[in-house]
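Below: one structure, written as structure tokens.
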Amino acid sequence: MNAAADRSDARMGSRVPLRDHVATSIRRYLGDLDGCEDSADLYNIALRELEIPLFIEVLRHCEGNQSRAATLLGIHRATLRKKLRDYGLA
């Protein structure tokens, strides 16, 4: 691990990093497939399943202000608006 990761871990205290929650969910999902590889588009499925609740919660946190939400997410407002339309959230 590098120094930045060590500082990040120290700041988080006893909180479990988001990546650990994601890894657990992916392992569970793959286990639920039970050997069936019909989900050949796992990257896009995972991205969609992460982005939808991410956008909803960030927008809720920003009281619906898309400019603030885009800034918090580190993306351009137009990109956020497009993704919200694509997901039927706008």
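Note: hydrogens, waters and symmetry copies are ignored here, and every other heavy atom, side chains too, is used. Here, residue 1 is the first one in the sequence, and each next residue gets the next number.
Follow the hydrophobic side-chain contacts under 4.5 Å out from Phe55 and you reach Leu72 in the same cluster. The hydrophobic clustering, which links ILVMFWY residues whose side-chain heavy atoms are closer than 4.5 Å, places Leu18 and Leu73 apart. Under a hydrophobic clustering in which Ile, Leu, Val, Met, Phe, Trp and Tyr are joined whenever their side-chain heavy atoms come within less than 4.5 Å, directly or via other members, Val22 and Leu42 fall into the same cluster. In terms of hydrophobic clustering, with Ile, Leu, Val, Met, Phe, Trp and Tyr side chains grouped at heavy-atom distances under 4.5 Å, Leu80 and Tyr87 are assigned to a common cluster. Cluster membership check: Ile26 does not share its hydrophobic cluster with Leu47, using side-chain heavy-atom separations under 4.5 Å among Ile, Leu, Val, Met, Phe, Trp and Tyr.
Contact check for Ile56 versus Arg60: side-chain heavy atoms found under the 4.5 Å cut-off.
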Next on the checklist: Under the criterion side chain to side chain contact (heavy atoms under 4.5 Å, CB included), I'd like the reasoning laid out for Leu89 against Leu59: C-alpha separation, chi angles, the key distance, then a yes or no.
Outcome noted: CA-CA 11 Å; Leu89 299 174; Leu59 280 165; over 6 Å; no

Checklist entry - Should Ile52 and Arg48 be marked as a side chain to side chain contact (heavy atoms under 4.5 Å, CB included) after you check the CA-CA gap, both sets of side-chain angles, and the distance that decides it? => result CA-CA 6 Å; Ile52 290 172; Arg48 181 184 67 241; 3.7 Å; yes

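A salt bridge links Asp86 to Lys82: one of the charged nitrogens lies within less than 4.0 Å of a carboxylate oxygen.
With values rounded to the nearest 0.5 angstrom, Tyr29 atom OH is found 4.0 Å from Ile45 atom CD1. The line from CZ of Arg27 to CG of Leu30 is 9.5 Å long, rounded to the nearest 0.5 Å. To the nearest 0.5 angstrom, Thr71 atom OG1 is 9.5 Å from His76 atom NE2.
Closest of all the heavy-atom pairs between Cys62 and Arg68 is O-NH1, 3.3 Å.
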